Protein chains: 2
Amino acid sequence: MVQPVREKNKITSFDIAHRAGVSQSTVSRALRGSPLVNEETRRRIQAAVEELNYKVDKNASSLRRKHSGTLALLLFEDPTADESHINPFFLSMLGSITRACAQEGYDLLVSFQQLSHDWHADYADTKKADGIILLGYGDYLAYRDKLRKLAEQGTRSVRWGAVLPDQPDVSIGCDNHAGGRMVTEHLLAQGCRRIAFLGEASTHYPEFFARYLGYAEALEQAGLAADQALQADAESTERSGYEAVETLLARGERFDAVFAASDLIAIGALQALNARGLQVPRDVALAGFDDIPMASFVNPPLTTVLQDTQQAGRLLVDALLRLIRGEVVESAMLPVTLKVRRSSLWKQER
Amino acid sequence: MVQPVREKNKITSFDIAHRAGVSQSTVSRALRGSPLVNEETRRRIQAAVEELNYKVDKNASSLRRKHSGTLALLLFEDPTADESHINPFFLSMLGSITRACAQEGYDLLVSFQQLSHDWHADYADTKKADGIILLGYGDYLAYRDKLRKLAEQGTRSVRWGAVLPDQPDVSIGCDNHAGGRMVTEHLLAQGCRRIAFLGEASTHYPEFFARYLGYAEALEQAGLAADQALQADAESTERSGYEAVETLLARGERFDAVFAASDLIAIGALQALNARGLQVPRDVALAGFDDIPMASFVNPPLTTVLQDTQQAGRLLVDALLRLIRGEVVESAMLPVTLKVRRSSLWKQER
DNA sequence: CTGAAAGCGCTTACAG
DNA sequence: CTGAAAGCGCTTACAG
């Protein structure tokens, strides 16, 4: 950090007070909207503020009031993830969170970090932010302790993610289980019988795991068991989706559909299938999860599960503000919507 | 904004001082890395800091030091723009700016605003940020006055955009003119002769205008004049690109190539062409600008111009920090790269 | 409705 | 190398 060049004589509330012929306390009261200030006085102060182009110093204000009017957003990814691209789904969440903050009159501090970093003790402790929104993809079991520590320290935080029993924090997430079930039921209805699942299916990645569980449940209800051989681990990147398909194919597995745990995985899978001469949906039906903007532009357009990021952003900000106010906040789950596009229309193409 | 519940007894530098058996001033010195502190003393202080999990209060620190260690990013869009989606190109810039800030030890405050808002007097004046990065799409002539006011107030700011003579601020932008020329030369080399341009070509949108000028220059060098009838206004959205193609077609214009001033416009154009039964690139060659992630996933993959957002982010942050230090900073232009993909390979398909 | 005063938690010149 | 003290610019209880 750097020593900035000196400001010329900064305007303070004392200057306004002088100009308006009142005390500095009254200026402060007027600007904070106190009902105790005479209308006429308020007007004079307002005029002085405009003439001198005065702005309240937020550092002083925050120091005195003990909160900052700022929320922090921590976007984290696995250390393995490609540094240069951010998952489009998180980007979309970022947009809606920014908007929700603005609506509530809060500023938003944004940061990308590796999970390995000491983020649990950052913004809130230094008083730069009143609370933290956590958003990212990573090994849940590896960072659960950090969440616990956060909560113990009394840091206000909410997280986008799976809603689990017994978790140390407040989470807002979508109904991953229902999403997984809907996709799978749809693929079954297309006549598919051997449906591969691409994505880690373990408690390390609870969101993917819930999607997997929904998938398994739908299969069972159709009288089919989930076949372990048809599951391949993948994290949420195209490369990983590509490799997962290669793995299944190399093992000689046969499948008529692929349910990818995220759109990025699905897009990678699509390329791998094409590279092997398999056409989607004629040879293999394909579906993803997230409905990122790209999903409707790939060829064929991708069937996927829409999570309402606008609503999600609002809910996250809302929950965090209630936490800051000292209210009790429950984790919550958002409904999802199946978006059927051409990539899964297997029946039609036969 | 909201009254947060009261913190239990906050730990201050006085607590650390007490525990380490030194004065509070020495604690402050040690934590700011002053060379005046004895090694042994420093260690004791460090130990106390860790035991008590102390963090310097940034509000107090910023107030005293008169700068905040925070940069602000203002993303703005035309009021007409769709609220829910952010241009992917800006998103990519956001990612690289965030990273560059983190590398320099600065925090980043992010905000989306309409141009109509009074953003020119926000973060910097309230001391929440030491400087501002401006990033967006909008009518330059409409906001130039705001830029001027910003500069007059002494607010440190840099802008992503066209590098123009006589502009009131520091801009970092890519070589739009060269980009436009490269695309057009490439389309000419494919044998195209009637190349439409989609995007506003006026000083209101200097970046698009520079791309247009590069296009016109390439045409002239090939002995062709830019045909006014083949230009259609479009802002940087898919919808707008779609409509621009419809406009040209409705007018009965004939063209064998389309150069869209942005990828979003190009993608909309692609859909409009398809809707009219025109195939890309067989009937019409197509190229865009930006190389957003989606560009390589549309069908056919889109020829476009890559702007190096990683480097751009670094340069923006760098320039702003130099400004904050009081150095003289010049506007700068980044080179661009033509990415040839299938959408423009007209010759091959005939 | 208004003013004088204390104090938020630091940083840094000043004196040793 | 260290400490006592002033002060950054506000907000707010207290007294009127």
Side-chain angles (χ1 to χ4, degrees), chain A residues 1-4 6-45 48-49 52-69 124-128 130, chain B residues 1-4 6-45 48-49 52-69 124-128 130:
Chain A
M1 226 174 300
V2 118
Q3 186 57 44
R6 181 153 254 26
E7 292 270 327
K8 57 262 161 114
N9 44 25
K10 178 176 191 201
I11 292 164
T12 72
S13 51
F14 284 92
D15 299 317
I16 305 299
H18 182 73
R19 182 138 191 152
V22 293
S23 75
Q24 183 269 341
S25 345
T26 301
V27 171
S28 181
R29 269 191 214 97
L31 295 182
R32 294 212 58 72
S34 160
L36 295 176
V37 180
N38 178 13
E39 247 333 295
E40 160 59 15
T41 312
R42 188 188 302 281
R43 255 194 301 278
R44 280 213 317 283
I45 291 171
V49 163
L52 299 182
N53 190 232
Y54 167 73
K55 291 285 180 307
V56 173
D57 183 315
K58 295 271 184 137
N59 288 132
S61 173
S62 299
L63 173 59
R64 195 47 242 255
R65 303 184 67 205
K66 290 165 174 301
H67 64 280
S68 63
D125 289 354
T126 63
K127 301 292 162 202
K128 279 199 109 157
D130 300 333
Chain B
M1 225 172 298
V2 118
Q3 185 56 43
R6 180 155 256 21
E7 291 270 326
K8 57 273 163 101
N9 45 25
K10 184 181 184 194
I11 292 164
T12 72
S13 51
F14 285 92
D15 299 317
I16 304 299
H18 182 74
R19 181 135 189 153
V22 293
S23 76
Q24 183 269 341
S25 346
T26 301
V27 171
S28 181
R29 268 190 215 100
L31 295 183
R32 294 211 58 71
S34 159
L36 295 176
V37 180
N38 178 11
E39 247 333 296
E40 159 58 13
T41 312
R42 187 188 304 279
R43 254 194 300 279
R44 279 214 315 285
I45 291 171
V49 163
L52 299 182
N53 190 233
Y54 167 73
K55 291 285 179 308
V56 173
D57 184 315
K58 295 271 185 141
N59 288 131
S61 172
S62 299
L63 173 59
R64 196 45 241 257
R65 305 184 65 205
K66 289 161 173 303
H67 65 279
S68 62
D125 290 355
T126 62
K127 301 290 162 202
K128 278 199 107 158
D130 300 333

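Nothing here was measured: the structure is a model prediction, and the numbers come from that model. The sequence lines fix the lettering, A, B, ..., with proteins before strands; numbering per chain opens at 1.
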Which nucleotides of DNA chain C pair, in dot-bracket form (Watson-Crick or G-U under 3.5 Å, | meaning another strand): |||.||||||||.|||

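One finds a side-chain N or O of B:Thr26 lying less than 4.0 angstrom from the OP1 or OP2 phosphate oxygen of D:dG3. Remark: A:Ser23 is not in phosphate contact with C:dT2, judged by side-chain N or O atoms under 4.0 Å from OP1 or OP2. Taking 4.0 angstrom as the limit, A:Ser13 places a side-chain polar atom (N or O) nearer than this to OP1 or OP2 of D:dC10. In this structure, B:Tyr54 does not reach the C:dG9 phosphate: none of its side-chain N or O atoms is under 4.0 Å from OP1 or OP2. Dashed line: the shortest gap from a side-chain N or O of B:Lys66 to OP1 or OP2 of D:dG9 is under 4.0 Å. Taking side-chain N and O atoms only, A:Ser28 has no distance below 4.0 Å to OP1 or OP2 of D:dC10.
Residues B:Val27 and B:Ile45 approach most closely at CA-CD1, 3.9 Å, considering heavy atoms.
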Trace of the side chain to side chain contact (heavy atoms under 4.5 Å, CB included) decision for B:Leu52 with B:Ile16: CA-CA 8 Å; B:Leu52 299 182; B:Ile16 304 299; 3.8 Å; yes

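Of the possible polar contacts, none joining the B:Ser68 side chain to the B:Ser62 backbone as a donor-acceptor pair under 3.5 Å is found. Remark: side-chain polar atoms of B:Arg42 are paired, donor with acceptor, to backbone N or O of B:Ser34 under 3.5 angstrom.
Summarising the geometry, the separation between NE2 on B:His18 and C1' on D:dG3 is reported as 17 Å, rounded to the nearest angstrom.
Both B:Gln24 and B:Leu63 sit near DNA chain D, but only B:Gln24 has its closest nucleotide nearer the 5' end.
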For nucleotides 13-16 of chain D, print each protein N/O atom paired with a nucleotide N/O atom at under 3.5 Å, atom names and distance only.
unit_1	atom_1	unit_2	atom_2	d
D:dA13	N6	A:Arg29	NH2	2.9

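The stretch residues 30-41 of chain A comes close to DNA chain C through A:Pro35, A:Leu36, A:Val37, A:Asn38, A:Thr41, each having a heavy atom under 4.0 Å from the strand.
Comparing the same atom, P, in C:dG9 and in C:dA13 gives a spacing of 23 Å after rounding to whole Å.
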